[in-house]
Every structure is written in structure tokens, then in C-alpha cells.
Amino acid sequence: MYSVNPTPFAPYVLERAALQPMPINLSRYEQKRWVMFDQFIKHEQSYLKVMLTLQYSIYNPLLLDPDIVQADVLYAVFGTHQRICKLHLFIQPLLDVCVREWDDERLTGWLIWALLEQPSLMQLYSVFITHYKRTIELTKEYTNNHFASFITSNLRQFDARLHFEDYYSMTMQRIPQLVLEVKDLRKNTDESDPDCVLLERCVKLATTLGEQLNAAGGHNEIALAVLQATTHLHAGDNRIFRHDSYLCELLQMAPLNEMLNNGIKPRVVMLLSDRLVCAKRPKKTDQAGTSKQKTKYTKDELFGDIKWVVPLQNIQLVDEGLAHAGTLSTVANGFFEWIANIRVFGTFLHSQGYSRLNARNEQMDNMGSIALQKKDAPVAENLLRIQVKDSEKVYVLKLDNADAKKEWCNAIRLAKLALRPENSPAWWNSALYAPYEPLLVKTFDAGGQNATVTAGCSYVPNINSPAYSNQLFRVWSQKQHVVWISTIDKQHNNKITLYTHDRTRNVINLRASFSLSKVLIKCIAHVPEGMVGNNPADTVWIATPTRILIYSATFPMVAERLASVVLHGSSDLILYHAKHVFVATVSTCLYIFSMLANGMWNLKNLQQFHIGTVRAMTVVNAYVYIASDADIHVFDCSTGSFVQKIASRPTTFVRSIAFLRYSVHGLWVGYYQSGIISLYHAESYIHLLDIDIDKQIERFQLDNAEDRLTTLVSVTSLVVVDNILWVGTNVGILLSLHLPTCANVPIVIDEMQVAYHGHLQHVNVIMPLPSLRACEEITEILSHVKPTTVETLFMNTRKPSLDRIITSIHHQGFSMLYNTCSEIFYGALDISCSTVDDLTVSQEYNDCATSWNESEQKDQPEDRTASQLPWAPDSTLILTGGEGYVQRPYKPSPNTSSHGLNRSQSLSDISENFDKWQSTTIDKRGNLMLWEKRSKDLGQMKCEI
């Protein structure tokens, strides 16, 4: 949250909104409700006026006079304050409407909900509250008498009785005050009132927000107390810790036991953002002089004497790869790794004319079955061994169970990842503290040097397919994502590289690769159902300019091409949904393959539609939305026909649609060779907002880039992952925007972030890889929302002229042709392309740069039911691919005085230690970037004491 170019607050005229005098015909509860809402309006308006006063009367004038106070110190004091002010100003127009339409519309609940649902609300207030004391100290430490007299004289004209701290502290008080106001509004709202249900949800959300802010403040106090207690440690080397006393955060805290030579001692273990701290548990002394253990502590008694402190960069979890060695599932995993490589090699030998492999495969399956029946000796799965780097010292902590140990290992791993220079900061304009924003894990190459990623897909194998009949194979596969990445080199040769993503450990492993000479791959799609020929279900379809190539999706049986289907026109896009495969071509033809009753794909008789140029398709519940030129056609898979057309309004300029994505927020639309992304309502398809990517990149460049882009920026990839909109561009820049968790909540576009890490050109792939624990979020759907309410909520951003029109297909004159494609080639007949070229099987690609648990989860049928899942990280991996890799410049301020408040940086003078802390996982030649985003937000860190 740091800008090297602080900007003045833009002019804004605040028009005070006020309710009309209370009507005399109101009931008693309505009168109380009127009074409560009137108080809420007055408090919000007064609060906003105070914030604007500080921005206009203090911040803006001081920016023009650097002799009074340095600009970066000024921004450290007012930067977060400014963003909070902008957030409340964003809601101000909605408040005006609520006041005007109080008698006719019940929008109070929506007004408060729109504010509370903003993703940055918790983040910004948490930053402000936890650093309030430091900010006040900063104004005294890095300012002079001119600064004090300037503030006093400028604020005296508003209220001579109030000082700067009085104005500034009102931001600390706003959320607790808001919680009380929301509760009072709900208390005085009748059950029959239309606002009642939404206000009830507002009460729960506001209460949770207040609790999280209180927890964040408490965690900050604990962190400060810990750091103060450890000042005497490492006194001779103050650079051994990466964070100073006001940047350090408490991430996790729990009562554990330490294994010592003389026994087991109770401890309090605290994971801070740059160190791991172990202390004695506090004891209470009663009046008789005896001591006893407490179950609850005050904040001053959370820990006793500090026993040891280890900087995170010096921690090595020495037994993380051995904690489950010898257990059943590790044997299964290791055996399968061995058998998988043999199977791939056997497939290659079979393609060269070798036979007699089936008997060997059966023998290996029998060996696996025997291995599954063996029992393993118990091991200490709940012991966490922490070795200090370049030292023989090892600390041993005892946890309750193996899952608790993995939780700590994962927390330490993510904290170390956030400390790396490439993640300090990783995003421009971020309101998140580093461990809670998407972190760059590593970059790596697919397809060889100077290759560009063109397409990709990922999937969880369909283990119901006969291809997964082997027990070991099935157990291993159900915990994996299989990732296909297509690349093209300078000689126009395509290579497909296969990876697996272990969903229980968030580890990416390289498995195999094969080449397709002189073939340009446009799209890759996974088809989990349906058989091709006599082969098992679970296939991958690849679009090329001349044909559709179909392979087995079962690793490691990918070397065999199952079919090659020639279509008229170059295939650009493939989508599978509900036993249909949709193939779009550049020749305005849309082909739809259907599955027969016997489970076979009908490759000879398919539907063909001439509906225009199709560049985008997406799944929306039971339907497939297909973008043709500027319109969207809706296909019902249950009836096998088009049922609706969502047309654009006739305008002088019509943009072709290139991207479609659906989320709880609505329908996202990207345009061909354009940097504009539009959001439409999911039911009425009215326009809600436009995001101009070019403007967001321009804001980023004002802070960081010496050379401005001269190329027109356009969107090349678009996806919504865990309520984050990810956007890739033709210039290689990657952007993200945190979204509300619910529909019908206005979105603040200016909160969009830009990654410092990107590609040289064309971000063609953004692929989410959720862990086994990162389950799909179920969002509660509110009752029907009136279109007028939606229009009011998005009044800041919507453009009515861009609303779409819903029409029936019966009036559109579709040219529907049901043709039989005779040019079908199966692998057995098309000898020239029956097998892939240059099949290469690689060793497991280890993610060795991170220190965390690499071992397989032990099967414990006595502890887990069939519905319970093994432990997995609470995070999602995001894979981005394009041309090359580049780390875009980040310009730190020459003055380091305010860096203690910059939550996106690791250390004010981190550049001096960069060489010692440089991660080896960043490969400047890579064309793939791997990101990791944890699901927990600020204020939700684990503190068990």
C-alpha cells in the first residue's frame, strides 16, 4: 500500500443528505426506525466531512510544500486514510438515493450491505487501526514545528477545541459505531418489513467485521509484546530479522509442548511474519504463593519467558519429508511413481514394435495389491522438528496429531514465501498484507527455451473410468490435477507438457512431454465422459487449424492418439458440458458433438450451426453461453437446442465478444482486441460496470515505469478464482481485482492490482488449481432483487445504453444445418499421426525451494470416515502462461522513514540484503508462473490461546 508518487485528493463537493421531517402518520416502530436511520446518516456524513477536511486542509497543501514534511512520510500518515475516504465516498451516491426514496423504497439494508461487503473494508481499517499509534508517533518523529503549527492553524477554522489526533482518531471509532447503528436499525425494524432479512445479514456481517478488527488489533499488540521481549536476542545483528517492530505480524499462535532431554515442557509457540518464537506458558501465583496453570490469559499474560527465537529464513523443517515415511499411502504413492514410469516406458516400447507387455502390467498390479495389504510400523507423525540453518541445533515440538503438524508446516512455508524479495511487494495497489495476497511461488519453462505458452487445461481424472481400475492408480489419481500445457517455439513446432498437481500438498510435478511438428494448437479441453472407439472414457480434445485431435486423458496412457477429426474451418475453441462437446471455428461454423446412448461419442453425425464468428463460450448452470460476434446465444444441453439470444443494442460501434466468464457477480464479457471488460447482471443482463484495463495499467506506470507502453492494451485471458478477477493482457501484464462474495454489490474498480511479475507478451493461460481443501464456495442467494434496486446499487458505474436485450431464437432466422462429417480418421487408419512424436518422460519435478511437507497423507480408516478428506493446504494455486517472464520495476522511495508502515514491503533497506535472500526458484527464462493464494483473510489468522 505504498505509492512513490503520492497524489492529492481529487476535488469533491459533499452535499449533506438529510431525511425529510418525520411523517406524522408513522407507526411507533417506523418512528424508531426513522430516528435510527437519521442518526446513521448524520454520523456517516459527519465522519465523511472530517475525513475530507484532513485530506483537503492538511494532506493536499502539505504535498505542495515538501519543506514542511517529506512526501513519503505524509503518505504513510494519510495514504490508508485516503483510501478509506474514497471507499465511503463510493457509497455516498447510494446513501443520497436512500434518503430521497425513503418513503417509497426500502434500500437501507442494501446501502449498509454494499459497504460491509467491500473486500477492502476489513483490510484498510485493519491497517489503519493496527498502525494508529505508530502513525501518530511518526507525525512527531519526522516533522518539525512548522508541521504542528500548520495543522493547528488549518484545523482551528473548523473547531478550535479539537486537535489533529481528535480528527484522526475518528477513523478508529467508525466501525464500532457502525456495528451499534446496524444493530439498532435491525432492532427497530419490524419482521414484516422488506429490509428485515437483509438487515439481519448486515448485523451478522458487521459483528464479524468488528470481531476481526478487534482480533487484528489484539494480534498486533501480542506481536509488539513479543518483539519487545526479544530485543535482547541477536542484539549484535539487527538485520537477522526481516521486519521491524511495526511491520511484524502475528500469523499463528498455539499452546504446544517442547520435547527436551529432561522431559516434555509446555510452551506457547508464535509464528510471526519473520520469525518463530517459543516461550514458556504463563503461570498465575495465588495469594498462598503457589502457582497453577491458567486456561485463559489476559493479553499481558499470554506467554512467559522467551525460550528461543528463529528467523524464518533460517528454519529448516528437517523431518517434513520423513514424517510419514513407511506409511501405507507413501508406499502406495512411491510404488505408483515407479509403476507409472514403467508404464510410460512400456507404451513407448509398444509403439516401437515391442510386445508381451500386458503380462508384465498384470504382475505389477498384483505387486501393488500386496503392498496395499501390508501394515507399517507407527512413526512419530505429530513431532515437528525445526533445525536452525548452518547449525546443529534442532527444536522438537509435539502437536496433537499429524494434521496439526501439517498446518504448522504450511503456515511456516507461506510465511517464508511472503518474505522473499519477489513478494515484497508482488502487487501494486494491494491493500493486503503479503501473506494474504497472491504470492509468486516460482517460474519454470514448458516446451523448452524461447517457447510461448498458447493453451492449457487442467482436470481431476474421472476415476469412474475403467482406465482407473487399478486400486493404487485410482487412489493416487483422485488426489491429482492433471495439467496439459501447449507451447510453440520459433520454428512453429508445438510441444505438449504434462504436469500433475497434488491437491493434498499443492505440489506441481513434471510428468511427460511430446511434440507435434508443424502444428499450431489453439485450445485444449478435458472431456471426462464418453468413449472414443473401444477406449475407456476420460479424454482430452485438442483444437488445431486442420483437425480435432483426441487423446486419452489417463496419465500415463497419453501417447496413444484415439482419433483425428477433420472439420471445415480452423478450430479455435472447444468446450465440454453435459455430454456435449462444442467446437467453434473461424469460418463461422459451430459444431456440437453429442454422446450416444451406449456412452460412445458420435464423431460421424454432429450438429452444425452457422451463427457467426464464435470466440467465447462459457457454462452457466445447465446452459452453454456462446458469443457470436457481439451477441450471446444460449444453448440448452437438456434439449439439444438454442433457447435464447442475448443481443446487444444497435449502436454505431459494435464490439465482438472474445471472452465470457460467469460468476456469482454476473456475466463477465471481454471484447476482441480491446482492454474493456464489462459486467452484466446474471438475470436481466443490464450493464453494471466497465473496467478499462488500459487506465489501470497507466496508473501503475505512473508509479513504477520509466518507459510508457506505446502498444494498445487488450485482454488475452480472463478468469474468476475465489472471488478474485484475474486478467491477462497482450503486453504480458497481469492484473487482479478482489470482488465481493455476493451478487448485487457495487464494485470499486480503483482497487484493481497490477502484478510486478508478468510475461513479455500475451498472457494466454490463467488456470486455477484448487487444493483438496479449497472447496467450492457456496454463496447464499438472496431473494429476487428488483431491477430498479440493481440499477441503484450500480449507479456509479453502469451505462444503460449498453444494456442487452433478451429475445427468442424463433425470430432470429438461425441457419441450422445438421450435416454428416465423413472425414473422420481414427488412429488405426491414419498411420501418419497415430502416435506422438518425441515422447519424453521426466522425473518428478520437485518443489524443493519451499520447506514444507512433501510426504503423502497416511491412510487412517480408523480416524477418517469415507466422507472426510485428507489434510490439504487452505490455498489455491494459479498458473499463468505466456511468452517469457519479466519482473517489472518497483521503485522504492529514497526516504525509508515511512517504510515501517508499508505492509507490502519486507524491510526498508531490503536491497542491501537482496543477494543473500534471493530465491533460486525464479527462472528469468520461464514462460509459466505459479502463484498461491490462501483462503484466509486478514483478521482470520489462527490464535488458539
Side-chain angles (χ1 to χ4, degrees), residues 344 347-348 351 444-459 482-500 510-527 539-553 555-567 569-575 581 583-586 615 716-717 728 730 732 759-767 825 827 830-842 845 879-885 925-929:
V344 176
T347 304
F348 173 69
S351 66
F444 50 98
D445 260 321
Q449 190 174 357
N450 298 323
T452 299
V453 175
T454 59
C457 78
S458 66
Y459 55 88
V482 180
V483 181
W484 292 52
I485 296 294
S486 166
T487 56
I488 188 170
D489 59 20
K490 301 299 183 182
Q491 289 72 40
H492 304 288
N493 293 319
N494 258 104
K495 176 176 284 190
I496 293 180
T497 307
L498 273 67
Y499 302 88
T500 54
L510 174 63
R511 294 300 179 186
S513 63
F514 58 88
S515 301
L516 297 173
S517 301
K518 308 301 180 183
V519 173
L520 175 62
I521 295 177
K522 298 291 192 68
C523 181
I524 306 177
H526 175 237
V527 180
T539 55
V540 171
W541 296 37
I542 300 175
T544 72
T546 58
R547 64 190 68 204
I548 299 294
L549 307 177
I550 303 177
Y551 290 89
S552 171
F555 178 81
M557 298 185 297
V558 297
E560 182 181 358
R561 184 178 302 166
L562 306 182
S564 177
V565 183
V566 176
L567 300 175
S570 176
S571 303
D572 273 2
L573 196 60
I574 303 178
L575 176 70
V581 174
V583 179
T585 67
V586 295
R615 292 191 175 93
T716 55
S717 50
N730 62 322
H759 299 279
L760 299 175
Q761 292 186 68
H762 297 96
V763 183
N764 293 319
V765 171
I766 303 178
M767 185 186 302
F825 299 99
D830 191 351
I831 304 300
S832 61
C833 59
S834 60
T835 57
V836 300
D837 302 330
D838 189 23
L839 176 66
T840 304
V841 179
S842 174
Y845 190 99
L879 192 66
T880 69
E883 179 181 342
Y885 162 79
R925 298 171 297 174
N927 52 21
L928 288 172
M929 291 192 297

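Counting begins at 1 with the first residue of the sequence.
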For the pair Ile550 and Val527, evaluate side-chain contact (heavy atoms from CB on, under 4.5 Å) and give the outcome as yes or no after the intermediate values. CA-CA 10 Å; Ile550 303 177; Val527 180; over 6 Å; no
For the pair Val565 and Arg547, evaluate side-chain contact (heavy atoms from CB on, under 4.5 Å) and give the outcome as yes or no after the intermediate values. CA-CA 5 Å; Val565 183; Arg547 64 190 68 204; 5.9 Å; no
Quick one: do Asp445 and Thr497 satisfy side-chain contact (heavy atoms from CB on, under 4.5 Å)? Show the steps, please. CA-CA 10 Å; Asp445 260 321; Thr497 307; over 6 Å; no
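Contact record, Ala446 with Thr487: O-CG2, 3.2 Å, taken as the closest heavy-atom pair. Heavy atoms only, all atoms of each residue included: Ser486 and Asn494 are closest at OG-ND2, 2.9 Å. Among all heavy-atom pairs drawn from Gly728 and Ile766, the shortest one is N-CD1, 3.6 Å. Between Met929 and His759, the closest heavy-atom pair is CE-NE2, 3.7 Å. Residue Thr454 comes nearest to Ile521 through the heavy atom pair OG1-O, 3.6 Å, listed as atom of the first residue, atom of the second, then distance. The two atoms that bring Ala553 and Val540 nearest to each other are CB-CG2, 3.6 Å, heavy atoms only.
Checking side-chain atoms of Ser717 against main-chain N and O of Val763 turns up a donor-acceptor pair under 3.5 Å. In this structure, the side chain of Asp572 does not engage the main chain of Ala584 through any donor-acceptor pair within 3.5 Å. Side-chain atoms of Asn927 never come within 3.5 Å of backbone atoms of Val453 as a donor-acceptor pair (strictly under, hydrogens ignored).
Thr546 pairs by the side-chain contact (heavy atoms from CB on, under 4.5 Å) definition with Thr544, not counting sequence neighbours. Thr585 is linked by a side-chain contact (heavy atoms from CB on, under 4.5 Å) to Ser571, Ser587, Cys589, Tyr591, counting only residues two or more places apart in sequence or in another chain. In this view, Val483 and Ser458, Ile485, Tyr499, Met767, Leu769, Leu879 satisfy the side-chain contact (heavy atoms from CB on, under 4.5 Å) rule, not counting sequence neighbours.
In this pair, Tyr551 and Trp484 present their aromatic rings tilted. The plane angle is within the 30 to 60° band.
Here the OH-OG1 distance, from Tyr885 to Thr880, works out to 10.0 Å after rounding to the nearest 0.5 Å. Atom CD1 of Ile488 is separated from atom CG of Asn450 by 13.0 Å, given to the nearest 0.5 angstrom.
There is no side-chain donor-acceptor pair under 3.5 Å between Asn493 and Ser515.
Here the side chains of Arg561 and Leu549 are in contact, with some heavy-atom distance below 4.5 Å.
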